[in-house]
Amino acid sequence: MDGVNFDLKEEIRDYWSKRSETFDLAFGHRIAPGPEADAWQKPIRKALGPEPKRVLELACGTGEVTRLIHDLGHDVTALDFSEAMLKVARAKHAGKERLRFILADAENTLEPDASYDAIICRHLVWTLTRPEETFREWFRILKPGGLLLVFDGDWAGPKPTGRIASLLISWIDRLVGADKNYDGALSTRHARIMSALPFGQGLRPNMLLPLLRSAGFTDIALHSHAPIARAQRKNANLRNRLRTLVYRRFILACRRP
Ligand SMILES: C[S@@+](CC[C@H](N)C(=O)[O-])C[C@H]1O[C@@H](n2cnc3c(N)ncnc32)[C@H](O)[C@@H]1O
């Protein structure tokens, strides 16, 4: 059995490391150029403004969101604790200026106090093992006035209307065979990790509000993920179009005052 004597964090790291080579093949991970990239980039552009900023991207994975932030002209530090993920990201972005990759734990970055104008992460918060401490850590490394921008979702189960989409996907899987590249959100290992996580029963924005406030964040605002899902559907096949309907997703922004 995988990771049988690992602690939770090692288990998470090992899980993503094993998925690093195929991660970009899975729908929802790779960000296609064109309407989808534009839709992901829009809230980032809006949050960061036109002036170049010093941005820390946490859990950069294979560097898909990294590209969007960097293309906007910002100075990016992209962090992940999986060397395998970073290897893919480094190769993808070789030779770019204003971009550095670091191997570190997003829950304990070891970055200096007040050193970033913004922190951005996609699909990290649901997998935090110590969210309270982690938000305090992110607050610490942001400059006063600095921004935290979170893209995430509730992956513990389909939203009520998503159940139908989920059912249709399983019928398609039965008819044409399972999609090997899909991220195995239902795999045994993923489910075992989920069950041990603080947000393993689900992640809703309202669960984050008290934690963010107690870390000191203010100006908490929620934004809809719907424009991104609409853009993803534009060039997707039926199975992937249905996938955009299964889970609740959200964009959350807040500030260190
Ligand atoms: C679902 S992937 C998302 C990757 C990327 N953010 C994206 O959206 O394409 C989760 C990533 O989080 C990283 N990760 C999970 N927990 C982490 C932690 N505590 N510190 C650093 N990276 C972490 C994993 O290694 C993996 O690359």
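Below, all heavy atoms of this structure are taken into account, side chains as well, without hydrogens, waters or symmetry copies. Each ligand, and each atom within it, is numbered from 1 in the order the structure gives. No experiment lies behind these values; they were computed from the predicted model shown.
- Atom numbering of ligand 1 starts at 1 in the shown order; those under 4.0 Å from a heavy atom of His123 are 1 (C), 10 (C).
- Each of the following atoms of ligand 1 lies closer than 4.0 Å to a heavy atom of Met85: 27 (O).
- Salt-bridge annotation for Arg140 and Glu111: absent, with no side-chain N of the basic residue lying under 4.0 Å from a carboxylate O of the acidic one.
- Residues Arg90 and Asp80 are not paired through a salt bridge, judged by the lack of any N-O separation under 4.0 Å between the basic side chain and the carboxylate.
- When each atom of ligand 1 is checked for a heavy atom of Ala104 under 4.0 Å away, the hits are 20 (N), 21 (C).
- Only the side chain of Trp16 comes within 4.0 Å of ligand 1, judged by heavy-atom distances.
- Neither the backbone nor the side chain of Cys121 has any atom closer than 4.0 Å to an atom of ligand 1 (non-hydrogen atoms only).
- The CG atom of Leu128 sits 10.0 Å away from the CG atom of Leu211 when rounded to the nearest 0.5 Å.
- For the atom pair Trp16 CH2 and Thr62 OG1, the distance stands at 10.5 Å (nearest 0.5 Å).
- Shown here is Lys87, whose NZ atom has no more than 12 heavy atoms of other residues, nucleotides or ligands within 6.0 Å.
- Note: an N/O pair closer than 3.5 Å links Ala106 and ligand 1 by distance alone.
- At a heavy-atom distance under 4.0 Å, atoms from both the backbone and the side chain of Arg122 approach ligand 1.
- When heavy-atom distances to ligand 1 are checked against a 4.0 Å cut-off, Ser17 has no atom that comes that close, whether in backbone or side chain.
- Between the side chains of Arg13 and Ser82, not a single donor N or O lies within less than 3.5 Å of an accepting N or O.
- Inclusion of Asp105 in the set of residues having an N or O under 3.5 Å from an N or O of ligand 1 is warranted.
- Comparing heavy-atom distances from atom 18 (C) of ligand 1 across Phe23, Phe81, Trp40, Trp155 singles out Phe81 as nearest.
- Considering backbone and side-chain N/O of Lys9, none are found under 3.5 Å from N/O of ligand 1.
- The residue from Ala59, Ala78, Ala84 that puts a heavy atom closest to atom 6 (N) of ligand 1 is Ala59.
- By the 4.0 Å N-to-carboxylate-O rule, Arg98 lies too far from Asp75 to be salt-bridged with it.
- Of the protein's non-hydrogen atoms, Asp80 OD2, 2.7 Å is the one closest to atom 27 (O) of ligand 1.
- Between His190 and Trp126, the two ring planes are parallel [angle under 30°; tilted spans 30° to 60°].
- Residue contact check: Ser82 has heavy atoms under 4.0 Å from atoms 25 (O) of ligand 1.
- Set against the non-hydrogen atoms of Cys60, the atoms of ligand 1 under 4.0 Å away are 5 (C).
- Counting heavy atoms closer than 4.0 Å to ligand 1, residue Thr129 contributes nothing at all.
- Glu137 and Thr109 form a side-chain donor-acceptor contact under 3.5 Å, judged by distance and modelled atom types alone.
- Arg122 forms no cation-pi arrangement with Phe151, by the criterion of a distance under 6.0 Å to the ring centre and an angle within 45° of the ring axis.
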